[in-house]
Student: 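Dropping a structure here in structure tokens format, bear with me for questions.
Atoms considered below: every heavy atom in the structure, side chains included; atoms not considered: hydrogens, waters and symmetry mates.
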Amino acid sequence: MLSRARLLDRLHGTDRWIGGRTIDTHVKNLRAKIEDDPQNPTRLVTVYGVGYTLQAG
């Protein structure tokens with residue numbers, strides 16, 4: 001499970017500020033590629049208040 005803050009740090013480092021909505025856009029694009037129904041994701045799942053998790057299957 002990864003939080004938005006950790007994803008931003010891993011993607012862009014701590015040298016610059018990137019908005020949290022950047023992660024939302026990347027997640028949306030990933031879901032469009034890997035999910036059968038991106039509106040009801042089963043693989044890249046949001047854990048509300050925590051971040052995201054990738055489910056097996």
Student: When you look at Y52 and L2, which way does the side chain to side chain contact (heavy atoms under 4.5 Å, CB included) test go after all the steps?
Tutor: CA-CA 5 Å; Y52 298 96; L2 295 171; 5.6 Å; no
Student: Show your working on side chain to side chain contact (heavy atoms under 4.5 Å, CB included) between T46 and Y48 and close with a plain yes or no.
Tutor: CA-CA 6 Å; T46 301; Y48 292 100; 4.0 Å; yes
Student: What's the spacing between L44 CG and Q55 CD if we round to 0.5 Å?
Tutor: 9.5 Å
Student: Nearest 0.5 Å, please: how far is OG1 in T42 from CZ in R31?
Tutor: 10.0 Å
Student: For the atom pair NE2 (H26) and OG1 (T22), what is the distance rounded to the nearest 0.5 Å?
Tutor: 6.0 Å
Student: Among T25, I23, D24, exactly one meets side chain to side chain contact (heavy atoms under 4.5 Å, CB included) together with V27. Which residue is that?
Tutor: I23
Student: Can you tell me how far the CG atom of L30 sits from the CZ atom of R43, to the nearest 0.5 Å?
Tutor: 12.5 Å
Student: Looking at every non-hydrogen atom in both residues, tell me the closest pair between P38 and A32 and how far apart they are.
Tutor: CG-CA, 3.9 Å
